[in-house]
Amino acid sequence: MIAHSIQDERIPRYIVAAEMLQRGHFAINVPIAPADDIGRLGKALRDLACSLDQRYREIQHISQITSRINAGLLLDDILDSVYHDFHEFIPYNRIGLSLLEDGGRAVRAHWVKSDQPNVQLTTGYSAPLAGSSLETIIATGRPRIINDLLQHARSRPDSESTRLILAEGIRSSLTCPLVANGVPIGFISFSSIHPDAYANAQVSIFEHIAEQLSVIVEKGCLVAELAAQKAAIERQNVELRRLSELKNVFLAIAAHDLRNPLSNIQLATYLLLNPDGPASEAERHGLHGDIDRLAKYMMDLLNDLLDVAQIESGCLRLSPAPIELSDLLVECVQRHARLAEPKGTRVALESAPAGLLMADAVRLRQVMDNLISNAIKYSPPGSAVRVRALRADGAWRVEVQDQGPGITSEDRKQLFQDFSRLSARPTGGEKSTGLGLAITRRVIEAHGGRIGVDSAPGHGATFWFTVPDAQDHSLAASAPGA
Amino acid sequence: MRILIVEDDPDARKVLGLILKLDGFEVSAVPGGREAIQFLQADKPDLVLLDVIMPVMDGYEFCRWLRANPSTARLPVVMLSGRADPESVTRGLEVGADEYLAKPIKPSSLTRQLHTVALRVAAKVPA
């Protein structure tokens with residue numbers, strides 16, 4: 001028997017085949033018959049060649065896919081490719097990518113794609129890592145296969161993520177750790193609606209895939225971060241350009257609006273200083289009064305400009321405190337009623353229920369002063385300005401109603417914009433900086449409220465604003481022009 | 001010499017009027033382009049002192065109307081504006097103003113400037 005074997009003509013062919021395999025040539029042709037011991041060796045050689053060939057092709061294919069995927073830049077695109085291309089290696093209905101965050105203390109679902117209709121464990125789902133079964137995967141650095149999720153759930157009845165994924169219809173899963181530069185960064189999970197989908201899986205292939213994916217995911221994360229930074233910088237640029245343009249418009253208009261009263265002051269002083277100027281005491285007194293009023297107007301305009309500049313650069317700091325709104329309204333209405341007396345305009349507080357309002361008292365008074373003085377300014381002498389406050393839908397609403405000419409639809413569009421030039425004129429020669437309502441709007445918006453006007457030309461106007469009970473002042477104040 | 005001031009700012013109307021009266025002009029004043037058009041139906045001044053930035057009908061629009069209207073096409077127009085940028089000045093001259101003065105103006109030389117413009121325009125008009 002032994003002597004026969006040694007002389008078997010098949011042996012030299014097997015030796016040649018083994019040498020070919022060793023050199024990486026998997027296409028060998030060896031006799032396997034007759035099926036004696038030597039024939040079985042031949043069959044084993046041929047099976048080995050087939051298996052090596054298959055492995056080789058698989059790895060080649062994975063390399064091709066990963067290099068193609070690697071060419072993608074955005075992580076979500078890369079993951080889409082993974083979902084699309086990996087079907088021939090792994091059975092799955094769902095792929096999920098989770099990333100570690102909070103210094104590795106928590107894990108958050110970053111991306112999910114499934115062919116099942118009701119995804120329950122969605123992007124953004126976050127859970128602590130400690131105590132979870134994923135912790136073991138990090139500790140060992142090896143892929144984990146769960147062949148029967150129902151059984152797994154019974155052994156971990158507290159696991160919310162297991163409950164969710166079961167509800168999606170998932171019954172088995174394979175989870176690979178993603179490790180970049182020796183540091184765990186997250187997991188990729190392939191899941192199937194069938195139990196035991198990964199029972200016969202060759203774990204080494206998934207380790208290879210996970211290794212490739214780790215690099216890709218890390219790159220994708222970096223690119224995503226860079227893209228986010230770029231977008232943030234672009235948003236900032238747009239905002240800076242807007243502020244710069246606003247500043248230019250402001251400078252041009254401010255120069256014009258300051259030059260006019262300044263010019264009038266100069267002309268008036270020229271008249272007063274001119275020996276041939278107005279001789280009567282009354283005329284000279286009138287010019288002095290003009291100069292005084294013009295200087296005050298210039299001061300108002302400068303203060304308004306500084307206010308707008310401050311608010312636009314995000315520097316409006318509110319100091320909200322509980323205010324008894326009716327007290328503030330009574331005070332404002334009385335003060336303006338006295339100021340409007342010479343014009344014969346009546347200012348009355350119709351209703352103001354007792355109750356506290358959270359607001360910055362100084363700014364809220366500025367708002368009321370602006371709305372009431374506007375109402376007086378644009379009302380015919382002898383008319384009435386009515387102020388009222390009411391509670392509605394978790395907010396305070398304050399209204400200032402006048403009997404002026406009303407607001408045309410054309411004017412309404414630019415009413416709350418900077419330097420709005422309206423067709424309506426003050427009825428008593430009052431001055432307007434064109435900034436009051438724009439400032440008022442910004443202050444109300446910073447309080448989380450809204451401002452508007454109800455009006456029809458010829459039928460007066462009712463300016464109103466709301467201030468909600470619940471406000472996020474930090475947010476409102478840091479969003480200029482929002 | 002009779003001057004029509006077209007100016008929406010009542011303060012400017014008042015002080016300009018006082019100064020020009022002091023210098024011997026006969027002065028009328030209206031607050032805007034529309035009112036000026038109405039004024040010109042009945043009266044014909046020797047020169048218009050025209051503010052530029054005004055609501056409803058601004059100085060540019062009013063000046064174009066003047067130039068398009070045969071009876072006022074050669075009426076001397078001096079624009080007086082708080083805007084001193086080259087674009088505004090060019091635009092003022094393009095719509096037909098004979099002179100563009102930027103505020104603040106020198107009151108001591110205003111009279112001389114108005115007379116100069118009136119003479120210059122008169123010289124161009126065939127007798």
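Just the heavy atoms: all of them, side chains too, but no hydrogens, waters or symmetry mates, feed the values below.
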So the ring-ring contact (aromatic ring centres under 6.0 Å, His included) pairs with at least one residue in residues 44-91 of chain B (sequence neighbours excluded) are none

With sequence neighbours left out, which residue pairs that include part of residues 73-96 of chain B fulfil the ring-ring contact (aromatic ring centres under 6.0 Å, His included) condition? none

Can A/Asn264 and B/Asp9 be counted as having a side-chain donor-acceptor contact under 3.5 angstrom? yes

Given that the side chain runs from C-beta out, which part of B/Ala102 has a heavy atom under 4.5 Å from chain A: side chain, backbone, both or neither? neither

Closest non-hydrogen contact found for B/Pro104 with A/Gln266 is CB-OE1, 2.8 Å

Minimal non-hydrogen separation, A/Tyr270 against B/Ser108, with atom names: OH-CA, 3.8 Å

Verify the neighbour count for atom [atom1] of [X]: are there more than 12 heavy atoms of other residues, nucleotides or ligands below 6.0 Å?
X        : atom1 : answer
A/His459 : NE2   : no
A/Arg397 : CZ    : yes
A/Arg450 : CZ    : no

Under 4.5 Å, heavy atom to heavy atom, which residues of residues 18-26 of chain B contact chain A? B/Leu18, B/Ile19, B/Leu22

Neighbourhood of chain A inside residues 37-48 of chain B, taking heavy atoms under 4.5 Å as contact: none

If you define the side chain from C-beta out and look only at heavy atoms, does anything of B/Asp11 sit under 4.5 Å from A/Leu267? no

So, taking the atom named CG in B/Leu101 and the one named OG in A/Ser263, what distance separates them when rounded to the nearest 0.5 Å? 10.5 Å

Counting heavy-atom pairs under 4.5 Å with chain B, the top scorer among A/Ile265, A/Leu262, A/Leu287 is A/Leu287

Looking only at B/Lys106, B/Lys103, B/Lys14, the option with the highest number of non-hydrogen pairs under 4.5 Å against chain A is B/Lys103

Using non-hydrogen atoms only, which part of A/Leu271 is less than 4.5 Å away from chain B: side chain, backbone, both, or neither? side chain

